[in-house]
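Take a look at the structure set out below.
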Amino acid sequence: LQHSAYRSLDKVQRPRLHEATARALEAIYAAEGEHFLAPAPQLARHFEAAGMPLDAARYHLEAGRWAARLVAYDEAIAHLEHGLALLDGVPASRERLRLELRLYMAMGTPAMLQRGWQAPAYKRALERLSELTQHPDLRDDSQRLTALSVLALSAGWSADPERSGRVGEQLLDLALSRDSGQAQEDDRQTLMLGHWALGLSHWLLGQPIPARDHLDRAVGLYDPEANRALGGLVVADPGVMARTMLGAVQWQMGYPDQARASLRQAVVQAQALEQPSSLAFAHFMAVMITSAVGHEVTTALSHCQDLQQHGETSLVYNVWLALLAALAQAPTKDSGPGGAQAMTQAVEALSTWQAAGSGAGYAGLLLLEAELFARAGQAEKGLEAIDQAQEWIERTGVRPTEPEAWRMRGELLLLAARDAQDLTGELHLASTDEAEACFHQALALAREQGARWWELASAASLARLWQSRGRPDEARELLAGIYSWFTEGFDTLDLVEAKALLAELGECCRPTS
């Protein structure tokens with residue numbers, strides 16, 4: 001009966017009734033606050049049928065943002081693409097331009113996470129957003145600040161820390177150049193986002209000390225209510241992102257307990273916001289940091305389980321989950337079919353990431369893959385992964401894991417030398433000399449960055465090599481020098497192993513009675 005009645009309407013009645021229905025729905029749901037976004041798809045459909053493309057596109061925007069917050073990225077992309085398509089037939093106007101800006105702002109995050117950095121939808125969104133933020137008709141638009149924030153984050157995760165830093169500077173300049181008549185809260189919010197963007201940029205450039213300074217300031221300026229407008233436009237709430245990034249920086253600088261606290265606070269903060277996308281991001285970053293930096297696979301897997309409770313998350317998140325699952329199986333030379341299956345799973349995960357492009361976490365993934373190959377006794381394949389990681393680091397300038405890449409290269413060279421010794425009975429000294437040079441390079445880079453965690457790992461690797469070469473005194477002096485600096489995190493794997501190695505070195509250096 002409903003369909004029959006609908007078909008009986010003429011071309012004038014039908015659009016009018018669609019508009020009347022849409023207006024009635026707006027009135028009914030207006031009091032629902034942010035939950036008003038839930039019926040946005042219905043409103044978009046009614047306004048489109050009413051021949052009102054701008055209104056329809058506006059509600060496709062809201063529906064896309066709502067879906068992104070719920071980690072339903074495919075649905076979000078579909079709504080946003082439909083909204084942009086509706087604008088194609090609309091004459092140029094300031095209103096159309098402002099709506100286009102908002103649609104492309106919303107498109108970046110779901111397109112990146114679900115389809116990767118090479119996806120046409122993501123690349124188009126980033127390019128058009130860069131153009132729109134400089135458009136003269138949008139210089140005074142209230143959403144320009146939000147658009148710059150989206151650009152800063154997108155540039156960072158796209159392995160472009162220089163652009164992220166430039167946008168951060170723009171945000172700080174915008175805050176400091178406002179007229180005295182501007183609201184103080186606006187200035188505070190702009191400063192927070194500027195420091196957040198600069199913290200991200202410095203972290204990716206391998207500069208943890210200035211990164212920590214900016215991220216500390218961002219956390220201090222954070223106001224959850226002021227950031228609600230960014231919901232569904234960026235990967236997660238900026239305060240949650242700032243805390244997780246701060247955790248990464250703190251761990252690299254040698255403060256693992258502080259880092260763990262920051263990661264826990266980020267999860268609690270995301271839970272309080274009731275934003276599934278922010279909670280998923282908090283757990284995802286904890287997965288990255290605890291596995292790639294802290295080497296705490298068990299803790300990383302715990303965060304993996306929390307992340308998987310969101311169901312289908314995204315291509316980017318799922319690659320890390322797959323690689324961690326492979327690492328947990330700890331394949332060895334003698335692990336049989338199970339180990340081979342884990343290696344296959346890891347290679348497939350990296351292939352998926354490569355097909356999607358290469359975002360900011362690519363080097364970390366390759367280091368985990370190299371560790372898997374090392375455990376399986378496949379030194380040559382591990383070195384191929386390190387080659388890829390170091391080439392990518394040089395090409396992008398994303399350097400936080402650069403010291404660890406050199407250390408892993410040295411470990412794999414030693415593994416290859418031991419394998420050759422098993423076959424020929426002779427140790428290949430050139431390989432061990434090259435490994436020692438890698439450890440020295442890793443140590444120098446870690447000290448240059450101020451990354452005490454990488455310095456500890458590099459010193460431990462070099463100390464083991466010196467111990468095997470009959471130089472225990474030098475090994476003990478090197479490792480004790482960095483170990484004695486630490487004031488926390490003594491339950492972490494790296495510090496436990498360093499302490500055990502120091503005990504060995506102390507024993508081997510005692511004079512016999």
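Atom set for the values below is all heavy atoms of this structure, side chains included, hydrogens, waters and symmetry mates excluded.
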Please examine the side chains of [Y] and [X], heavy atoms only from C-beta on, and report whether any two atoms are closer than 4.5 Å.
| X | Y | value |
| --- | --- | --- |
| R65 | L61 | yes |
| Q114 | P110 | no |
| L80 | Y104 | no |
| P224 | L273 | yes |
| Y222 | D237 | yes |
| L43 | D55 | no |
| Q134 | R144 | yes |
| Q265 | Q269 | no |

Which distance, rounded to the nearest 0.5 Å, do you find between the [atom1] of [X] and the [atom2] of [Y]?
| X | Y | atom1 | atom2 | result |
| --- | --- | --- | --- | --- |
| L204 | R399 | CG | CZ | 12.0 Å |
| L129 | L151 | CG | CG | 4.0 Å |
| T290 | H283 | OG1 | NE2 | 11.5 Å |
| H60 | L84 | NE2 | CG | 10.5 Å |
| Q390 | L366 | CD | CG | 10.5 Å |
| E411 | L383 | CD | CG | 11.5 Å |

Can you tell me if [X] uses its side chain to pair, donor with acceptor, with the backbone of [Y] under 3.5 Å?
| X | Y | result |
| --- | --- | --- |
| W392 | V398 | no |
| R447 | E455 | no |
| S130 | L126 | yes |
| T401 | G364 | no |

[X]: partners by side chain to side chain contact (heavy atoms under 4.5 Å, CB included), with sequence neighbours left out:
| X | answer |
| --- | --- |
| A266 | V240, R243, T244, A282 |
| E162 | D160, R166, L205 |
| Q271 | V267, V268, L279 |
| E131 | R128 |

Kindly list each side-chain donor-acceptor pair under 3.5 angstrom involving residues 206-219, sequence neighbours excluded, with atom names and distances?
unit_1: Q207; atom_1: OE1; unit_2: H202; atom_2: ND1; d: 2.5
unit_1: H214; atom_1: ND1; unit_2: H195; atom_2: ND1; d: 3.0

Salt bridge flag under 4.0 Å for residues R58 and E62 | no
Decide, yes or no, whether a salt bridge links R102 with D141 under the criterion of side-chain N to carboxylate O below 4.0 Å.
-> yes
For E48 and H82, test the side chains for any donor-to-acceptor distance below 3.5 angstrom and give the result as yes or no.
-> yes
Any side-chain donor paired with an acceptor under 3.5 Å for W203 and Q252?
-> yes
Residues that [X] engages under side chain to side chain donor-acceptor pair (under 3.5 Å), provided they are two or more places apart:
| X | value |
| --- | --- |
| Q441 | none |
| H18 | Y6, H46 |
| Y122 | S158 |
| R23 | E26 |

If a pair satisfies salt bridge (charged side-chain N to carboxylate O under 4.0 Å, His left out) and one of its residues is in [range], list it, with sequence neighbours excluded.
| range | value |
| --- | --- |
| residues 381-392 | D387-R409, E391-R395 |
| residues 71-81 | E81-R115 |
| residues 277-303 | R260-E296 |

Evaluate the criterion side-chain contact (heavy atoms from CB on, under 4.5 Å) for residue pair W453 and D494; output intermediate values, then yes/no.
-> CA-CA 9 Å; W453 198 253; D494 286 11; 3.3 Å; yes
Should V287 and T299 be marked as a side-chain contact (heavy atoms from CB on, under 4.5 Å) after you check the CA-CA gap, both sets of side-chain angles, and the distance that decides it?
-> CA-CA 8 Å; V287 168; T299 304; over 6 Å; no
Criterion salt bridge (charged side-chain N to carboxylate O under 4.0 Å, His left out) on R407 and E404, from CA distance to verdict | CA-CA 5 Å; R407 188 192 72 82; E404 181 68 354; 2.9 Å; yes
Do you know which two heavy atoms are closest between [X] and [Y], and how far apart they sit?
| X | Y | result |
| --- | --- | --- |
| Y73 | S277 | OH-CB, 4.2 Å |
| A57 | L86 | N-CD1, 3.8 Å |
| A56 | F47 | N-CB, 3.6 Å |
| A370 | I386 | CB-CD1, 3.8 Å |
| P403 | Q449 | CD-NE2, 3.6 Å |
| L172 | G194 | CD2-CA, 3.9 Å |

Which one of R96, E100, R94 satisfies the side-chain contact (heavy atoms from CB on, under 4.5 Å) criterion with R98?
-> R94
State whether the number of non-hydrogen atoms from other residues, nucleotides or ligands found under 6.0 Å of D88 atom CG is greater than 12.
-> yes
Yes or no on side-chain contact (heavy atoms from CB on, under 4.5 Å) for Y59 and H79, after CA distance, side-chain angles and deciding distance?
-> CA-CA 9 Å; Y59 279 108; H79 278 295; over 6 Å; no
